[in-house]
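Down below is the structure, laid out as structure tokens.
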Amino acid sequence: MRRKIVAGNWKMNGSKDLSEKLVGYIRSEAGSLDSGVEVVVIPPAIYIGDVLRQAQDTVAVGVQNVGQWQSGAYTGEVSSEMAKDVGCRYALVGHSERRQLFGETDELVAEKVSRVVSGGLTAIVCVGETLEERESAQAEIVVASQVRTGLSTVVQGEWKNVVVAYEPVWAIGTGKTATSDDAQAMHAVIRHVLKDMGAPAEEISLLYGGSVKADNAAALFAQPDIDGGLIGGASLVAKDFVSICRDFPANT
Ligand code: 13P
């Protein structure tokens, strides 16, 4: 059975105070959540220690980005080894904001993925097309290529440390969500590509991200190839985030 995952990407938001209140609330509700749902909080790196202390093992913690190196003269960077050392279990790789604002290519994503998964963290690898690419009917080609290149460094035995998040760029922070049918269709394409790459595709969790809210999560999570969500804005609102964590169909 695939892992069901709800991951909250705080992006460059938060504070010590928010870490305490938000994670404190999630922790207080954790006992009433479906035990089959893995809840992941991904704060700015500087708050990871605060979040880990608050989480007390009730939620998993991730890092938003890692460098492609292990250590050295790379001012401002954090390695996946360091993230694992302090207690993180997940690392986001290739978020569209990293691709668009920091020039991350699929090749760089592949390097980072290799470092993350070989070191034992789970990589949440983000893919997704722009509006222009969707409108010119290139969405599937773009996303398939991001998956093939971004995951080209994963070797047998490491796939258990891979999660793919489909985040259409036009849906991020815009209030526009892909319809659950469109999201499902792209998830099916991603699973097909993974299978074609020789990965155990049926065992790999695929998350949808892009304006997921408490009122649309259930329809998305009911789709056969959508195994959870990567949540931005709504992950900063404690009640909304926890409500999304409850939005899986009862029989899965
Ligand atoms: P929003 O949920 O704010 O659209 O952000 C999605 C996202 O980018 C999560 O990584």
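Whatever order the structure lists ligands and atoms in, that order sets their numbers, starting from 1.
When heavy-atom distances to ligand 1 are checked against a 4.0 Å cut-off, S235 has no atom that comes that close, whether in backbone or side chain. Counting heavy atoms closer than 4.0 Å to ligand 1, residue I172 contributes atoms from both its backbone and its side chain.
Considering backbone and side-chain N/O atoms, K213 never comes within less than 3.5 Å of an N/O atom of ligand 1. Checking only distances, I231 never comes within under 3.5 Å of ligand 1, N or O to N or O. Checking only distances, T174 never comes within under 3.5 Å of ligand 1, N or O to N or O.
Under the 4.5 Å side-chain criterion, counting only non-hydrogen atoms from C-beta, E135 is not in contact with W170. Here the side chains of V169 and E133 are not in contact, with every heavy-atom distance at 4.5 Å or above. By the 4.5 Å heavy-atom criterion applied to side chains, E158 and V113 are not counted as neighbours. With contacts defined as side-chain heavy-atom distances shorter than 4.5 Å, the pair Y166/L206 does not qualify. Within the 4.5 Å cutoff, the side chain of N65 has no heavy atoms near those of the L92 side chain. At least one side-chain heavy atom of K11 sits under 4.5 Å from a side-chain heavy atom of H95. At a threshold of 4.5 Å between non-hydrogen side-chain atoms, the residues V61 and P43 count as touching.
Counting atoms of ligand 1 from 1 in the listed order, those under 4.0 Å from a heavy atom of G210 are 4 (O), 6 (C). For ligand 1, the atoms lying closer than 4.0 Å to a non-hydrogen atom of E167 are 6 (C), 7 (C), 8 (O), 9 (C), 10 (O). In summary, the atoms of ligand 1 found under 4.0 Å from a heavy atom of L230, numbered by their order in the structure, are 9 (C), 10 (O). For ligand 1 and A171, the ligand atoms under 4.0 Å from any heavy atom of the residue are 4 (O). Less than 4.0 angstrom separates some heavy atom of N9 from each of these atoms of ligand 1: 9 (C), 10 (O).
If you check each of A165, G173, A7 against atom 4 (O) of ligand 1, the one with the closest non-hydrogen atom is G173. Comparing G209, G229, S211 by heavy-atom distance to atom 1 (P) of ligand 1, the nearest is S211.
The shortest non-hydrogen separation linking E29 to R246 is OE1-NH2, 2.7 Å. Of all heavy-atom pairs between S211 and N216, the closest is O-ND2, 3.0 Å.
Given atom 3 (O) of ligand 1, the protein heavy atom at minimum distance is G233 N, 2.8 Å. Remark: minimum distance from atom 2 (O) of ligand 1 to any protein heavy atom is reached at G232 N, 2.9 Å.
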